[in-house]
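What follows is a short report on a single structure.
Both ligands and their constituent atoms are indexed starting at 1 by order of listing. These values consider heavy atoms only, across backbone and side chains, with no hydrogens, waters or symmetry-generated copies.
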Amino acid sequence: MTDAPASSSRAFVSLIGAGPGDPGLLTLHGQRALQQADVVLFDYLANPELLRHCPEARTIYVGKKGFSEYITQEQINALIVTTAQEGGGQRVARLKGGDVFVFGRGGEEAEACVAAGIPFEVVPGVTSAIAAPAYAGIPVTHRDVARSFAVLTGNTREGGAHYERLSGVDTLLLLMGVRNLDQIAGDLIAAGRDPQTPAATVQWGSTHQQRVATGTLATIAEVVKEAGLEAPAVTVVGEVVRLREKLRWFDNAPAFGGPLSGKTVAVTRTRDGASALGDVLRARGADVLEVPLIRFEPAADGGAAALSALRDLEGWLLLTSNQAVTALFSLLDGAGLDARALARVKVAAVGPSTARSLQERGVRADFVPSTPGARHLGAELPVREEEAALHLTSQLAEDDLQRALEARGLGYRRAELYRTEAARPDLNALERLKNAAVITLASGSAARHLAALASADFDPLSLPAAAMGPQTADAAREAGFTRVTVAGTASLDALADAAEVAAGQSSRQ
Ligand code: SAH
């Protein structure tokens with residue numbers, strides 16, 4: 001026996017540019033690398049929302065914020081290498097803000113991989129140097145105004161010694177320069193740049209916290225200080241800054257500055273659930289924090305009882321969530337079956353969203369109640385007396401549906417289709433949850449799981465909550481939530497509306 005050759009190891013490092021903040025600015029290659037990762041090391045400037053592309057991966061925060069470093073670059077380099085070598089070798093995604101090789105010390109991380117003999121790839125990202133101005137309506141070049149640009153760092157020990165060399169460059173893009181802006185502007189003027197050159201500083205560009213201050217090279221430091229802008233920010237110096245007046249687009253679009261704009265809205269859902277609600281909230285300007293509180297597991301008996309109940313069923317199959325549809329089809333698939341297994345039964349969906357999930361799998365619901373909800377399904381189901389009603393659901397299903405059917409003198413059977421288990425968010429998610437302006441609750445069990453996270457330094461019950469419907473709201477109040485806003489109807493838009501109302505009552509960002 002010999003040791004496995006090194007080439008059979010899985011060890012691989014992707015150095016990925018996460019883009020400037022807007023999660024839509026990750027590249028497709030970056031997304032794929034995240035999906036394949038075993039471990040993700042991410043930065044302070046890499047939007048943590050991107051972690052939803054890698055729900056199964058272990059995530060390690062290696063943020064360095066400004067000058068107070070929690071972890072040194074050398075430690076990060078070593079961590080990349082040891083993480084890649086762990087076990088039989090792992091796929092490491094190293095997610096870096098902006099582009100990998102623009103000031104992020106990505107070159108040193110690549111060198112560390114080379115030194116350790118670990119194969120790696122570089123996935124360039126959209127750099128904040130260009131994107132932050134772009135989101136402020138400032139093109140870094142323009143045919144009539146600027147034909148060249150330079151990207152510089154304000155964080156150097158030698159100060160402005162090299163500024164003379166930049167005299168022929170039209171647009172200057174200054175990163176890491178807020179702290180020293182006063183001195184840098186002075187040095188640039190001393191090096192011959194016109195003090196009247198327009199200048200703009202863009203903080204948290206491309207995110208809903210974006211703020212912009214404009215002035216001239218002579219005034220920008222003062223303007224920035226007055227406006228209270230801090231890192232991370234890009235300062236643009238050049239005639240192109242004037243174009244903002246005409247080209248401003250992002251920070252005066254309707255979603256920007258809306259009630260949810262720049263606020264963190266926590267969405268409780270399974271890590272693997274589709275995040276349609278997240279998309280609705282993002283479109284309204286919210287920063288969405290997906291908190292994995294529950295995860296779905298196969299039924300305790302592997303679904304045997306559900307399958308056999310389905311085989312014997314003469315009558316109605318009742319499905320009360322998207323997850324039930326997902327679990328049903330994976331159960332059928334595992335048993336070598338498909339949608340034809342439902343050919344003999346009638347199918348009822350609890351609401352339009354569940355009906356849509358069915359339709360996506362080629363099954364049209366025979367019945368959807370006029371108002372979504374288990375109670376209404378039970379009250380309205382057009383079931384004949386000789387027909388059975390089988391509810392395939394999780395072990396935690398509430399009994400509203402059963403009660404409503406039994407109140408009509410009808411039969412009801414239930415079999416476990418999947419299990420809902422608690423999933424504890426990691427420390428990083430918990431930390432961000434503390435700062436959420438609102439938390440959305442899509443189900444009573446989410447409310448209970450969240451309440452269970454209470455600890456000495458975190459009281460989830462003090463967060464304003466937006467509940468999907470009256471039943472969820474009741475469950476939330478029972479669990480101890482005191483500030484509950486109820487969605488007007490059981491739709492994602494109504495839930496987002498409720499989140500806006502709840503956010504209005506919140507003082508948090
Ligand atoms: N590799 C990164 C830059 C890392 S240096 C990139 O290509 O963007 C960190 C600096 O980047 C910050 O101090 C700030 O100047 C800038 N920066 C990063 N994200 C930013 C953002 N969303 N808005 C404004 N500046 C940003």
Suppose we measure from [atom] to each protein heavy atom; which comes out shortest, and what is that distance?
atom                    : result
atom 23 (N) of ligand 1 : Gly205 N, 2.7 Å
atom 16 (C) of ligand 1 : Ser128 OG, 3.3 Å
atom 22 (N) of ligand 1 : Pro20 O, 2.8 Å

Short N/O distance, under 3.5 Å, between [X] and ligand 1?
X      : result
Met176 : yes
Ala233 : yes
Gly97  : yes
Thr127 : yes
Val102 : yes
Gln203 : no
Gly177 : no

Are [X] and [Y] close enough that a side-chain donor and a side-chain acceptor fall under 3.5 Å?
X      : Y      : value
Thr201 : Thr235 : yes
Glu121 : Ser14  : yes
Gln75  : Thr72  : yes
Thr354 : Ser357 : no

Check if [X] has a non-hydrogen atom at a distance under 4.0 Å from any atom of ligand 1.
X      : answer
Val202 : yes
Ser206 : no
Gly21  : no

Interfacing atoms of ligand 1 (cut-off 4.0 Å, heavy-atom, [X]):
X      : result
Val234 : 24 (C), 25 (N)
Trp204 : 22 (N), 23 (N), 24 (C)
Leu45  : 9 (C), 18 (C)
Leu175 : 3 (C), 11 (O), 15 (O), 16 (C)

Under the side-chain hydrogen bond (donor to acceptor under 3.5 Å, both in side chains) rule, what do Tyr418 and Ser321 come out as? Steps first, then yes or no, please. CA-CA 11 Å; Tyr418 61 94; Ser321 69; 3.2 Å; yes

Taking every non-hydrogen atom, the tightest pair across Ala454 and Pro460: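 Closest approach of Ala454 to Pro460, heavy atoms only: CA-CD, 3.5 Å.
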
Mind checking whether Glu49 and Arg282 have side chains closer than 4.5 Å, heavy atoms only?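 Yes - at least one pair of side-chain heavy atoms lies under 4.5 Å apart.
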
A side-chain contact here means heavy atoms from C-beta on lying under 4.5 Å apart; do Asn435 and Arg432 qualify?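 Not touching, per the 4.5 Å side-chain cut-off.
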
Set out, in order, the CA-CA distance, both residues' side-chain angles and the distance that settles side-chain hydrogen bond (donor to acceptor under 3.5 Å, both in side chains) for Asn77 and Glu111, then state yes or no. CA-CA 9 Å; Asn77 297 350; Glu111 282 172 328; over 6 Å; no

Should the proximity of Leu174 to ligand 1, defined as any heavy atom under 4.0 Å, be assigned to the side chain, the backbone, both, or neither?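 Answer for Leu174: neither.
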
Parallel, tilted or perpendicular: rings of Phe256 and Phe250 (30°, 60°):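 Taking Phe256 first and then Phe250, their aromatic rings stand perpendicular (interplane angle over 60°).
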
Is it the case that the side chain of Asp287 and the backbone of Thr264 share a donor-acceptor pair, with hydrogens and angles ignored and the cut-off at 3.5 Å?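 Here the side-chain-to-backbone pair does not exist.
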
